[in-house]
Amino acid sequence: MKKYLKIVFNEWMNASRDKRELSIARELGYTVRVLAITKRGKQVFSENIAGFEVLRIPTRKYGHGVLGILFGRIDAMVQYIKLARKEHADIISGHDYMGLYVGYLANCFQSKNKRAKLIYDSHEFELYRMERPFFRFMLVKMIEGFLIRKTDVNMMVSDSIANEVQQIYKLKKKPVVIRNIPYHWKLDENKIDNIREKYLSHLNIKEDGKIMMYHGNIAKIRRIERSFEPLRSWDNVGMVILGEAKDAEYLQYLKRKIKNMELENRVYFHPAVELGELCNYIAAVDFSIIIFQKELRNLYYSLPNKFFENIQSGVPMIVSDFPEMGKLVKKYNIGLLVDGDKPEEIEGAIHRMAEDKVLYETFKENLVKAKSDLCWENERNKVINMIRSLESA
């Protein structure tokens, strides 16, 4: 039986991209298993997540103090390597460069015919995923650069990131681009109407008012507060912020700003919802907004899940004029591009979305085509071809 092993260094709960990849591996006849962390207990255990067997490796085996966490992480790394070697997988897919590192070590000292094929599944532009001190930046570059040359396939999430990675590490072959695109979503009009009524009950706008949304992680780099000022200009536009805050300090900052601007009844915070229901919650608004921090190159070249989720929900967008998102917005004419550093552009775009009915209906009509094209049913063929190429190599 062929084996496909996914190695991640998180708790692997909402890993929609990984689950799509693993579903295809299973369709192609592979037994699939995932190695992931847990902060519960002291022993490795197995559980079923969305139909996949996940081996949980504890990282808090020695407690939650500074030394306990350090020793726990060292122990976890040893367990990762042991379990990865024990699997004798045909293909190992590393969720990030740490997952790839474990896969590489699991292959060491194996005879050539027993080594797993290695996939580097980079969900981010790792080298520029965050701001790092120079020494740490160079260390990550050295590690990633070494490992990326040991893989059989490198997989990136956008053309711009793939091109940059190829240039930085002087790779002969451009990484395969697999975008974070969801399945073709089916919308439930009754649920959408009920959710919209729920939104309106929390927003002090008329029934024919316009609702704007931000959905996803609530974090400082998302620049959510830049959408607040325009709300003061039009009293019939409200905003829904749907998601969880990983940065509690930033969340409190947003709430203070809303209070100071007297927008408590115009901005509604909604907790995150299950992925299977997300489409209806997005479709219940009139338009969405995605404003990212330009200084982070990872975001500048990104094609985030939320971008495609808006498309699958049929919702026009206001987005930062960055290379990847901008290219698709222009190609399908499904929204407005703005410079996120210019509040007047954001305000003008919100005004056009709320007031220009002809333009808005054009966006809605064009989203039908974009939704049909930009779905996993089309993107999945790239993953099939990638796995098939590893089998024949």
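The shown structure was predicted, so the numbers you read here are calculated from the model rather than taken from an experiment.
- Residue pairs meeting the salt bridge (Lys or Arg N to Asp or Glu O under 4.0 Å) criterion with at least one member in residues 41-55, sequence neighbours excluded: R33-E53, R40-E47, E47-R56.
- Residues passing the side chain to side chain donor-acceptor pair (under 3.5 Å) test with N204, sequence neighbours excluded: none.
- Not counting sequence neighbours, H184 has no partner by the side chain to side chain donor-acceptor pair (under 3.5 Å) test.
- Every salt bridge (charged side-chain N to carboxylate O under 4.0 Å, His left out) that D18 has, sequence neighbours left out, goes to K6.
- The ring of Y360 has its center no closer than 6.0 angstrom to the ring center of F287.
- In this structure, the salt bridge (charged side-chain N to carboxylate O under 4.0 Å, His left out) partners of E164, at least two apart in sequence or on a different chain, are R297.
- Contact between A76 and P58 at its shortest, heavy atoms only, is CB-O, 3.6 Å.
- Looking only at atom types and distance, the side chain of E225 has a donor-acceptor partner in the side chain of Y250 under 3.5 Å away.
- Scored by the salt bridge (charged side-chain N to carboxylate O under 4.0 Å, His left out) test, K191 finds E277 as partners (sequence neighbours excluded).
- Under the rule for a ring-ring contact (aromatic ring centres under 6.0 Å, His included), Y120 has no partner lying at least two apart in sequence or in another chain.
- The two atoms that bring L127 and R132 nearest to each other are O-NH1, 3.2 Å, heavy atoms only.
- With sequence neighbours left out, the side chain to side chain donor-acceptor pair (under 3.5 Å) criterion links D75 to no other residue.
- Annotation: F363 is not in aromatic contact with Y332 [ring centroid separation under 6.0 Å not met].
- Contact record, L231 with R266: O-NH2, 2.6 Å, taken as the closest heavy-atom pair.
- The other residues sharing a hydrophobic cluster with Y268 are W185, I195, Y199, L200, L203, I205, I211, M213, V240, L242, V273, L275, L278, Y281, I282, V285, V315, where clustering joins ILVMFWY side chains under 4.5 Å apart.
- Between the side chains of N180 and R17, at least one donor N or O lies within less than 3.5 Å of an accepting N or O.
- Residues meeting the ring-ring contact (aromatic ring centres under 6.0 Å, His included) test with H88, sequence neighbours left out: none.
- Of all non-hydrogen atoms in C375 and Q312, the two that sit nearest each other are CB-NE2, 3.7 Å.
- For the 3.5 Å distance criterion, the side chains of E21 and S93 qualify, holding a donor opposite an acceptor.
- In terms of the side chain to side chain donor-acceptor pair (under 3.5 Å) criterion, K220 has no residue partners (sequence neighbours excluded).
- Applying the side-chain contact (heavy atoms from CB on, under 4.5 Å) test to E27 and every residue at least two apart in sequence or in another chain returns R380.
- Between the side chains of T151 and N154, at least one donor N or O sits under 3.5 Å from an acceptor N or O.
- When every heavy atom of F228 is checked against every heavy atom of L254, the shortest pair comes out as CE1-CD2, 3.9 Å.
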